[in-house]
Participant: 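My questions will all concern the structure given below.
The basis for the numbers below is simple: all heavy atoms, side chains too, and nothing from hydrogens, waters or symmetry mates. A note on names: the letters A, B, ... follow the listed sequences, proteins ahead of strands, and every chain is numbered from 1.
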Number of protein chains: 4
Amino acid sequence: MRTTKERILEIALELFNEKGCLNTSTRHIAEKLGISIGNLYYHFKNKESILIEIFNEYIEVVFKKIKELDYEKDEIFLLKQFLADSIEADIKYRFLHLELNLLVMNFPAFKKIMEQHLHFELETIKGLVRHQIKYGYITSMSELELDIFVSNSWIIATQNASYWNLLSEDFIENSKKAALNIYFLVKPYLTQKSFENDDIKDIENFLGSII
Amino acid sequence: MRTTKERILEIALELFNEKGCLNTSTRHIAEKLGISIGNLYYHFKNKESILIEIFNEYIEVVFKKIKELDYEKDEIFLLKQFLADSIEADIKYRFLHLELNLLVMNFPAFKKIMEQHLHFELETIKGLVRHQIKYGYITSMSELELDIFVSNSWIIATQNASYWNLLSEDFIENSKKAALNIYFLVKPYLTQKSFENDDIKDIENFLGSII
Amino acid sequence: MRTTKERILEIALELFNEKGCLNTSTRHIAEKLGISIGNLYYHFKNKESILIEIFNEYIEVVFKKIKELDYEKDEIFLLKQFLADSIEADIKYRFLHLELNLLVMNFPAFKKIMEQHLHFELETIKGLVRHQIKYGYITSMSELELDIFVSNSWIIATQNASYWNLLSEDFIENSKKAALNIYFLVKPYLTQKSFENDDIKDIENFLGSII
Amino acid sequence: MRTTKERILEIALELFNEKGCLNTSTRHIAEKLGISIGNLYYHFKNKESILIEIFNEYIEVVFKKIKELDYEKDEIFLLKQFLADSIEADIKYRFLHLELNLLVMNFPAFKKIMEQHLHFELETIKGLVRHQIKYGYITSMSELELDIFVSNSWIIATQNASYWNLLSEDFIENSKKAALNIYFLVKPYLTQKSFENDDIKDIENFLGSII
DNA sequence: GATGAATGAGCGTTCATTCAT
DNA sequence: AATGAATGAACGCTCATTCAT
């Protein structure tokens, strides 16, 4: 049995994804859940803290599997995992990317946490890419190029859903395209070794099936 | 001497970029401009029509120079132009990309215009890329790859400012980085012929100066 | 060629009948007419004076034909005329009766004129009825009964359109029923002499054709 | 102790009768009641729902006593009851009739309910008149005449207050006259049996005292 | 005669949040 | 834990009217 707090977060996420966090009132969350507005404020001191708690969930999902990997030591091809994990989270918490800049403007505490997380996430991705370069999966590049490659990856990973949603309302179809965006962004940097890796073949097969 | 209508658009754009369109009230625009709220509504029938008029300006800026090019016939290297124009507009009207998805949710008439424009813009970019491929500036690619390349370009061009703003408030510095994002996205697809072109040398010099 | 002032009155009446005077803005009148709002206020010092001028037209129409009758001297059967004239005016200026009480509340100058007119109209109707009694078309009645008979007649004549419009939007059909309401209200008071009058036969034929 | 909701309805009715529903702002209601505007909207989702709730009260008052009568079986003289009940409600909720047509124009949900109620009310009155005819209190008449008689009765019952208010502001005096309007409207249709009924004598006595 | 920019009070409504119970 | 009444600032917008040109 879920606690009330958990159910609030669940419903809030649902509504945020549907209409945006800024378009969702606390009263609406409480009503949809069938609890009083007073009870909602008993569990969360304000709307921002609901947002922050959801954001913490998001962070956890993003890094859960990646953290498990001891990629510093092992020679593993991480692209597939990265693709799968990031897309999953970015779909589940898609409202975050739809209105991230406004959220940061409106919720100062959220802004702080968001910034901390972003720095950490970017460092993690950079570390991951460096690892892949070291083991020859990705071509080597300058520090500047790495910075830009990572920023482009982050932007594409988080924003492509917004893009496709502008073009079509077929949500399922759109989310599939996310994989293509990331794959083709990364592809020019893949080495021969990568293309010989079974994971890449899996990915290419999967992407082939989308088209 | 500017007309009141122009001044409203000017101040509105300023405030939209500062705090977001959704966070800017019509009363606030009027107050900052020193006119009555009634006067604002004399010039614009509602907030959405202010947004739409600003969006139409944006469209014009985006396409003004590109439209002038008779690129179907001439063999010209367009990347530099494209970089310059799109970045200029995307900075000047940056609020648009910061909250595009929410704007589309909240303003149905804007949504329609936005969608029409987006289709047209993407086709234009595709045509431009095909032209560059034809004249050997960009490596040839499949139709799918072209689609994804264009979508990635659009996403990076419109969203990179949001990204950098999350990391730093140095607005000038951030806007410079936009060029890097697009350049490195495109770079893997440039041919030898491109690298011999003087424009590319200009770009590389410019980018070098940023770092 | 109509003067601007006349055209304002014309369009105002049209809009008042369509949506009510209180739901019609002065701007709307000017726009529909294709003149500036300033020009409208050049011709009328305020909205109330438009209303009053229209009301004066109404009064004129109501009494034009009745005034022509020298009914004090002639033995004439006036019911038919009264039916025809009052219904015609009450249809043409139907907005007046739809919102008379609110108009009186909102427009003090109109209120005064309205009250004066109402007293005069009621006295006229009373005189008319007394004349019909004197010449044996209508059964004699006490002064109280006469008062009430006249008030009922006025209420039915002015309000029946509102009633039928609540039940159906077929405006033409509804206006026909007005005649029935008045006829059946008066009928119990008609004498044998009335029923032998050709006018009554005309009326009965006309009413028969409605059903 | 009245609930806030009840007090809102109470004050709203008071203000509506005083100045008209359309001339009464929600803010005005809240202020007169000494509550915040937010609280008013906590209890009613919009102004229309206040109007509708008041209208439902009106319906209840109109039909409360009439519904209790098992007039299909008993031979009873209903005129007195009808007079008393309808006048009481039409005075208490007099704003309704002062601006009914505008209310219907401005409040679509109210319009629907109003129309349903009107049809039901008219059928009820018709049934009541048919019963009185059956038991010999009212002279028999054709179906058409019945329709018109009922429509005239409804118009007089609901509109006579508006009429008298145009002539005088003595509210109490005016409301007494309502009874006269209805009585004299009905009188021509009363049979000898009616005039022998004690209720009629009561009415005549009451009316006599008014004059 | 005519234009149209400008005013500002007011309207219906929403919303995050508080607090006594 | 939970209820739900209450607050009040703010929002988008309308309207009759004025006035310089």
Side-chain angles (χ1 to χ4, degrees), chain A residues 3-5 8 22-31 33-51 106-107, chain B residues 3-5 7-8 22-31 33-50 106-107, chain C residues 3-5 8 22-31 33-51 106-107, chain D residues 3-5 7-8 22-31 33-50 106-107:
Chain A
T3 66
T4 300
K5 195 169 180 180
I8 292 171
L22 293 165
N23 283 333
T24 301
S25 66
T26 50
R27 169 157 277 110
H28 193 155
I29 298 169
E31 256 163 31
L33 190 52
I35 65 168
S36 71
I37 182 72
N39 196 9
L40 186 147
Y41 274 86
Y42 173 79
H43 289 286
F44 295 91
K45 78 175 211 286
N46 53 30
K47 194 181 177 184
E48 186 169 25
S49 71
I50 298 178
L51 173 62
N106 285 309
F107 300 110
Chain B
T3 66
T4 301
K5 193 170 180 180
R7 283 163 63 224
I8 292 170
L22 293 165
N23 283 333
T24 303
S25 69
T26 51
R27 195 169 262 105
H28 194 147
I29 297 169
E31 260 161 29
L33 193 52
I35 65 170
S36 71
I37 183 69
N39 196 10
L40 185 145
Y41 276 92
Y42 173 75
H43 290 286
F44 294 92
K45 76 176 214 290
N46 53 31
K47 192 181 176 184
E48 186 170 25
S49 74
I50 298 178
N106 285 307
F107 298 111
Chain C
T3 66
T4 301
K5 195 169 179 178
I8 292 170
L22 293 166
N23 284 332
T24 301
S25 66
T26 50
R27 169 156 277 111
H28 194 155
I29 298 169
E31 256 162 31
L33 191 51
I35 65 168
S36 70
I37 183 72
N39 196 9
L40 186 146
Y41 273 87
Y42 174 77
H43 289 286
F44 294 91
K45 78 174 211 287
N46 52 31
K47 193 181 177 184
E48 184 169 27
S49 72
I50 298 178
L51 173 63
N106 285 309
F107 300 111
Chain D
T3 65
T4 301
K5 192 169 181 181
R7 283 163 64 223
I8 292 170
L22 293 166
N23 284 331
T24 302
S25 69
T26 50
R27 196 167 263 106
H28 194 148
I29 298 169
E31 260 160 29
L33 193 51
I35 65 170
S36 70
I37 183 67
N39 197 10
L40 185 145
Y41 275 89
Y42 173 76
H43 290 287
F44 294 92
K45 77 176 210 289
N46 53 30
K47 192 181 178 184
E48 186 169 27
S49 74
I50 298 179
N106 286 307
F107 299 110

Participant: Find which nucleotide of DNA chain F each of B/Ser25 and C/Glu48 is nearest to by heavy atoms, and output the residue with the more 5' nucleotide.
Facilitator: B/Ser25
Participant: Kindly say whether C/Phe107 contributes a backbone atom to a donor-acceptor pair with the side chain of C/Lys47 at under 3.5 angstrom?
Facilitator: no
Participant: Do the non-hydrogen side-chain atoms of C/Ile50 and C/Leu40 ever get within less than 4.5 Å of each other?
Facilitator: yes
Participant: Under a 4.5 Å cut-off applied to non-hydrogen side-chain atoms, are B/Ile8 and B/Ile35 in contact?
Facilitator: yes
Participant: Judged by each residue's nearest nucleotide on DNA chain E, which is more toward the 5′ side, B/Thr4 or B/Arg27?
Facilitator: B/Thr4
Participant: At under 4.0 Å between heavy atoms, what does A/Thr26 touch on the DNA or RNA strands: base, sugar-phosphate, or nothing?
Facilitator: base
Participant: If you round to the nearest 0.5 Å, how far is CD1 of B/Ile37 from CD1 of B/Ile29?
Facilitator: 8.0 Å
Participant: Do C/Tyr42 and C/Lys5 have side chains that get closer than 4.5 Å, going by heavy atoms?
Facilitator: no
Participant: Does the side chain of A/Asn39 come within less than 4.5 Å of A/Leu33's, by heavy atoms?
Facilitator: no
Participant: Nearest 0.5 angstrom please: C/Arg27 CZ to C/Ser36 OG, how far?
Facilitator: 10.0 Å
Participant: Pairs counted only when both distances fall under 3.5 Å, Watson-Crick or G-U: show me the 5' to 3' dot-bracket for DNA chain E, [ ] for pseudoknotted crossings and | for other-strand partners.
Facilitator: .||||||||||||||||||||
Participant: Which residues in residues 34-47 of chain C have at least one heavy atom lying under 4.0 Å from any atom of DNA chain E?
Facilitator: C/Ile35, C/Ser36, C/Ile37, C/Gly38, C/Asn39, C/Tyr42, C/His43
Participant: In terms of the nearest nucleotide of DNA chain E, which residue is placed more toward the 5' end: D/Thr24 or B/Lys5?
Facilitator: B/Lys5
